[in-house]
Amino acid sequence: MTTLALQAHAVSHSFGSVPVLRGLNCDLAPGCAAAIIGSNGSGKSTLVRIFAGLLKPTAGSMVLFGDSRIDRRRLGLLTHQTFLYRNLTARENLEFYAALYGMRNPPQIAAEWIERIGLEALAAYRVRTISRGNEQRLAIARALIANPDLLIMDEPFTALDVAGAELVKGLIAESMERGCAVVLTAHSGATLTAIACERYELSRGRLAADKGT
Amino acid sequence: MTQFRAILGKDLRLEIRSGESTIALIALSLLILVVIVFALSQAGARGTEAGAGALWIAMLFSGMLGAVRALSSERDNGTIYALLVSPVDRTTIYFAKLTAAVVFMAIAEVAAVVLMVLFFNLNFDFGLLRMLPILALGVIGFGALATVLSAVSGHTRMGDLILPVLAVPLYVPALIAGVKASAAMLSGAPFTSAAIWIKILIAFDLLFVGAGYLLFEFVIAEN
Amino acid sequence: MLMVAALYMVFLYVPTEAAQGIVQRIFYFHVPCAWVAFAGFGLVAISGVLYLWLGQDVWDDLGYAAAEVGMVFCTLVLITGSIWAKPIWGVWWTWDSRLTTTLLLWLLYGGYLMLRAAANESPNGARLAAVVGIVAALDVPVVIVSVRLWRTIHPAVLVTKQGGHGLQDPRMVTTLLVAMAAFTVLFAWLLMLRFATLRMRARIDRLTLRLALAEAAAQDI
């Protein structure tokens, strides 16, 4: 029995007197992907922040990798903010994050990722000058750079064209084969059905397993 | 240590790249000094005291901008969260940001010292050189204070407006000590004559670097 | 009751100080206010530490209440001091060390309260305020030392009892002590009022939340 990558138990969160999440349960095994489908304002982003340890839930427990202290080295996070420095080039951004995760030889790692996401032509351009779709590719490379064991992605297919979406699906599948657990969120299930082994519906602060479709 | 270097290197690179902000910082120091000369010339201020005072006022205000820049570089694209979810500990972030703030302030400070000598008819001499460690102490103290407080102000509705309201009164003791010690150095008095002021500056620095080290974790975290 | 006793003693019991005349009586308000203002500041810092340490909202509310009430007394110190200074020193304000220290204290309180106003809706507000409260309290000793070295002309009544500024008459001492006690009680009372209000607000929030949760649960079925 391997340890679960993510265990959320009875997680609730409220801002002031406004409840956002009410008693969520979610378990995720390594190599598995969970899709969380919810409309705007359903609490997806709050849930993502709680999963990533950026927000402490008002009640309930969150455990990553079977340890109450998060090993942040093993966590990859993608949100609707790309976490990229606009005045650094694509390559410099990746080099910086590789160094931040204490990896050896950041320039080489950055170069490899630039190639994988097909941004060779844009590597020396500042992020502020490249398109949103290419920025999203770069953001995904950034989240994956330290080969995480848990990948949390908030609407990963935002702004991506068909080729980009295929590329990202490929990267996610590759990570899962490696044993990485993945949490994905989206407005609608269509894009995620192919990848996810479990689907959840997030509505009115509650998470329901969705076995349909 | 590599993480510290990575964050600091990235901040310095960002700063150099947006060169206009360094120039703006120097320009602000220049303007403050000029304004003070205009304001004091009627009152017949003495060279060293007025010069030292003007210099520290310039430092206070240009420092406010400089220190804020060190953290505001992280607000751009939510990158502060990227730092928080990365394996870097808060202490490393604090010291990297503090160092960046001190470097930005030091650049503006060097320009301000040169301008002060010109405007207040002082000499480029040994006294000026001896004032530099005192300025360094002032810069470190303010950097420590402003790094914590700009993290605080970043979370509020008022944003950076609240920063001077919090930082200026807190910095007053260092300002008093710094001006007194600087004036003593400029007028050629020995180090020992300003010993008590230098001690206050050192105490201030230790206190607020220490407080920042202990408290940064609470202001940087999101809930 | 204590307040009435203090008022009686200040205006009727205590002899008029020879050199300064009637205006000296303000001293019996001034000193207790100052003591209470400083105590309030300490309380802000202590509750800040406790909040960061224990994470209970109670300490946050206590810190907020202490800052608000402390600010009121700090303002009174400055006002009563000014009223006294005009006839005695001939000016409303001088850059004497204690005046300067008190002014800085007042500014720090002001900054803290502005921060609270600006950050109160944010879930981080309490933590930020606690940090600023602690930093401000750390600053106070440095302020006192540096400003005292800077300059001082303030009468050192309680410290040295030199010259004509000491309290010659034992009735003066008694009055001062009673006034101190009265202001301490007044401070504590105001503090409790503000504190209770804040606790009440927290309770309303909790109940509103529970109501919202119950409504949501009812919809689930």
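All chains are named by letter (A, B, ...) in the order of the sequence lines, taking the proteins before the strands, and each is independently numbered beginning at 1. Because the structure is a prediction, the values reported are computed rather than measured.
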Any chance CZ of B/Phe61 has more than 12 other-residue heavy atoms, nucleotides or ligands included, within less than 6.0 Å?
-> no
Once you round to the nearest 0.5 Å, how far does CZ of B/Phe218 lie from CH2 of C/Trp53?
-> 11.5 Å
Would you mind telling me which of C/Val132, C/Leu107, C/Val131 has the largest number of heavy-atom pairs within less than 4.5 Å of chain B?
-> C/Val131
Contact check, side chains of C/Asp139 and B/Pro173, non-hydrogen atoms, under 4.5 Å = yes
Residues of residues 162-172 of chain B with any heavy atom under 4.5 Å of a heavy atom in chain C | B/Ile162, B/Val165, B/Leu166, B/Pro169, B/Leu170, B/Val172
Residue, of B/Ile196, B/Leu161, B/Ile176, B/Leu149, that accumulates the most heavy atom pairs under 4.5 Å with chain C = B/Ile176
Can you name the residues of residues 207-214 of chain B that have some heavy atom under 4.5 Å away from a heavy atom in chain C?
-> B/Leu207, B/Phe208, B/Ala211
Measuring heavy-atom distances to chain B, does C/Ile134 have an atom under 4.5 Å in its side chain, in its backbone, in both, or in neither?
-> side chain
